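Worth saying up front: this structure is predicted, and the values here are computed from it rather than measured.
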Amino acid sequence: MLKNNYLPFDQLPQAEQLPMESLPRAGIMCDVLLLLLFWALLITSCIVLALFWEVAAQAMKFARWWLAPVCLLSLAWPSLAWRFRRIALREHDVLLEEGVIWRSKRAQSLTRVQHVKLVQGPIQRWYGLATLVLYTAGRSRADFKLRHLPHARAEQLRDYILHRPVAS
Amino acid sequence: MKSEIWQHLPLRAALLLIWPALRSEWQIIFGVMAGGSWQLKSASNSALSAWGIPLLFILLALLAGLLSWWRFRFSMSDEGVQIRQGFLRRQEVILPFSRILGLQSSQSLLLRLFGLHEVVFESAGSEHEQVVLPAVSELMVNRLRAHLQRVAQTEASSTQVPIQTFQADSDAAKPTGSGEVAQPIAGFEFHISWSDLLLLSFTSIQTLFVGPFLVGVFYRGTNQSTRKEGSMWEPLYQFAQQHFGVTDEITRAIMLGIFLFVMTFLLALVWGWWRYGGLHLRQSGNQWQQTSGLIARYTQTLNALRACAVIWKQNPLQAIFGRGWLRVAMMGEDSRQEERNGQSSSFGVPWISYKTTLRMQARLFEKQVGVTKKAACYQRVSPLYLKQNRRKHVLWPMLMMLLMGGWMLMNGMKTGLQFGSVVALVWLAVSEMRVRGHYRRLRFAISEASLRLQGGCWGRTRMLLPWSAVQSVCLKQSPVDRRWGLASIEMMVPFGKVKLPCLPLADARVVFDYVASRAILPLTTK
């Protein structure tokens with residue numbers, strides 16, 4: 001029969017220092033281009049609205065002063081976020097560290113993965129990157145997303161997850 | 001997965017793929033539409049500028065549907081289902097057969113018009129992301145079903161694990177599965193007593209709402225100003241006046257009390273017996289069954305292999321009688337179905353003592369969490385929890401209220417200010433009590449196989465979470481946490497999130513590593 005004793009903190013094994021790896025720098029460019037696309041779409045739609053609607057034209061006149069600094073700041077963000085995004089693969093789980101202001105470190109057990117999705121947008125295809133999403137039985141937001149992995153490595157990782165031996 | 005036999009959807013499915021394609025590639029469609037509108041608006045031809053934009057949209061939609069159909073392909077091999085889709089944002093989904101719980105096909109009115117079916121491969125995967133074939137022919141549905149059955153049969157015949165079947169109590173000692181003899185175990189049984197049923201009926205929230213409603217009705221019926229000759233209250237009113245000889249106001253007060261008591265008692269009794277009369281919970285092997293209701297019969301069944309946590313909650317009213325509400329969270333609980341039906345699909349007992357809950361959870365997770373004779377050594381979170389939550393729930397609201405008060409004073413709103421001050425003071429006092437209450441009750445105990453969590457403020461919550469239910473674990477630090485050397489642990493579980501807030505950073509790291517090492521264990525040890 002399984003014994004199950006309670007463990008005080010001091011009896012738990014010490015925290016492990018893992019060598020975490022950074023993701024490819026191309027991911028920064030990918031995010032910057034996506035942001036540029038977002039701003040271009042936003043500004044285009046504002047201009048189209050301003051053509052048909054006088055109130056929107058007035059709002060555009062007011063917004064142009066703060067839109068430029070916000071736009072520039074947002075373009076600097078991916079580079080900052082990249083510094084804090086690191087990954088480590090262990091035999092039975094994947095670890096992901098991320099967050100500039102709110103930092104988090106998440107461990108996803110590979111045993112719990114239900115299905116796997118590999119996503120590649122046009123910009124990611126240009127840079128040879130891909131996003132690997134691991135779905136678990138958890139509720140919303142329980143999915144584990146590894147963004148901007150090199151495409152070949154993402155496929156390798158997917159195959160490893162699907163064909164790995166089960167932990168005993 | 002190496003699979004090269006790709007199947008396409010029927011060509012007529014392209015029309016049905018228009019909307020999903022527009023939704024997923026909306027940025028591009030929007031950009032083209034914006035550019036096109038710009039050009040068409042300045043066109044010299046008036047017919048082109050009037051009809052150009054809708055025509056452009058229709059053309060784009062048809063093109064998106066056609067491209068989406070062209071890129072959508074799927075394959076089924078002996079390993080699982082593989083789907084490739086998306087013309088700009090390409091996706092590839094792989095669902096292994098071992099994770100498929102079932103295949104569901106449905107036909108909406110639109111699909112029926114085209115003679116197609118939607119196929120959903122059910123898995124325990126996140127509910128927001130289903131593996132779906134949006135429009136396939138009936139022939140293909142049958143082929144998929146047959147393929148799934150064939151693979152399932154092959155796997156069942158190759159596996160050595162005996163298949164557990166539902167057994168009645170008396171059959172517990174008989175052989176089960178492929179030649180193995182099940183250990184004779186005494187099944188768990190629980191009956192609700194009459195006294196417990198009465199208390200459950202009285203303390204139910206529905207009953208508490210009936211009281212104030214009846215007060216209103218009765219007050220109106222017997223009040224001098226609204227009293228009407230020949231009203232339904234008149235006989236009661238006359239009876240009390242003749243036999244007790246009291247004045248009008250006192251009669252009203254006495255009758256109000258008696259009437260309320262009798263009516264609430266009767267209503268509670270009827271409701272309680274209707275819903276929970278004869279509540280009976282019984283374990284039989286891995287199957288648990290609960291039946292309740294004397295008039296309408298409600299039956300709930302639980303497969304112990306799907307149970308992933310036991311949660312016992314007690315509100316202040318239940319605390320007086322030492323009882324609480326028990327919920328067994330299950331793997332793959334369908335919250336969308338809950339929303340649709342308005343009924344909870346989780347397994348629950350509404351009135352049960354903690355002692356019985358402990359017995360039940362020992363039975364439920366006997367092999368997963370093991371047996372411990374030692375008392376749980378509960379640990380508390382950092383005392384900085386008080387400071388952090390006081391700041392969030394007391395200090396910031398207080399600052400906002402002071403600002404609002406100042407504004408009211410400047411605008412000469414004295415009555416509003418007086419009323420607002422009283423409300424604000426009561427609210428702040430309640431918030432402070434809540435923060436203290438939460439800190440006092442919040443404790444957790446870690447063992448080799450499970451996490452025990454206690455919490456609550458006015459009421460009490462206790463939870464047993466086997467590590468096998470933890471899907472992933474996350475260590476989080478906000479800027480304030482970093483300044484104070486704290487961190488929180490969040491565990492994603494099938495029924496939501498379980499959080500251990502405000503742990504000292506060193507302890508949080510140790511807990512994170514420990515939980516991560518336990519969360520890799522197989523889903524069940526039974």
So which part of [X] gets closer than 4.5 Å to some heavy atom of chain B, the side chain, the backbone, both or neither?
| X | value |
| --- | --- |
| Ile123(A) | neither |
| Val94(A) | neither |
| Val113(A) | backbone |
| Leu96(A) | neither |

Tell me which of these, Pro479(B), Gly86(B), Ala516(B), has more heavy-atom pairs under 4.5 Å with chain A than the rest.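 Highest number of heavy-atom pairs under 4.5 Å: Pro479(B).
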Per-pair distances, 0.1 Å, donor-acceptor, side chain in residues 48-60 of chain A, under 3.5 Å, sequence neighbours excluded:
residue, atom, partner, partner atom, Å
Glu54(A), OE2, Gln58(A), NE2, 3.3

Do the side chain of Gln471(B) and the main chain of Ala137(A) share a donor and acceptor less than 3.5 angstrom apart?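 Confirmed, Gln471(B) side chain pairs with Ala137(A) backbone.
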Kindly check if the number of other-residue, nucleotide or ligand heavy atoms within 6.0 Å of [atom1] ([X]) is above 12?
| X | atom1 | result |
| --- | --- | --- |
| Arg482(B) | CZ | yes |
| Phe57(B) | CZ | no |
| Arg89(B) | CZ | no |

Identify the two heavy atoms, one from [X] and one from [Y], that lie closest to each other, and give their separation to 0.1 Å.
| X | Y | answer |
| --- | --- | --- |
| Arg112(A) | Val470(B) | NE-O, 2.8 Å |
| Pro96(B) | Leu162(A) | CG-CD2, 3.5 Å |
| Ser109(A) | Ala519(B) | OG-O, 3.0 Å |
| His115(A) | Val93(B) | CD2-CG1, 3.8 Å |

Choice from Pro122(A), Gly121(A), Ala40(A) maximising heavy atom contacts with chain B below 4.5 Å: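 Greatest number of close heavy-atom pairs with chain B: Pro122(A).
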If the test is side chain to side chain contact (heavy atoms under 4.5 Å, CB included), which one of Gln108(A), Lys105(A), Arg106(A) qualifies with Cys474(B)?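 Output: one option passes, namely Arg106(A).
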Which one of Glu91(A), Arg90(A), His92(A) satisfies the side chain to side chain contact (heavy atoms under 4.5 Å, CB included) criterion with Ile520(B)?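 It is His92(A); the other options fail the test.
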All salt bridge (charged side-chain N to carboxylate O under 4.0 Å, His left out) counterparts of Arg518(B), not counting sequence neighbours: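 Listed in chain order: nothing, the list is empty.
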Student check: side-chain heavy atoms of Ile94(B) and Arg158(A) closer than 4.5 Å: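 Yes - at least one pair of side-chain heavy atoms lies under 4.5 Å apart.
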Which bit of Phe87(B) comes within less than 4.5 Å of chain A, counting heavy atoms only: side chain, backbone, both or neither?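 It is the backbone, since no side chain atom gets that close.
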Quick one: CD1 on Ile100(B) to CD on Gln114(A), what's the gap to the nearest 0.5 Å?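 Result: 11.0 Å between the selected atoms.
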Out of curiosity, Gln124(A) CD to Arg90(B) CZ, how far, rounded to the nearest 0.5 Å?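 Reported to 0.5 Å precision, the distance equals 12.5 Å.
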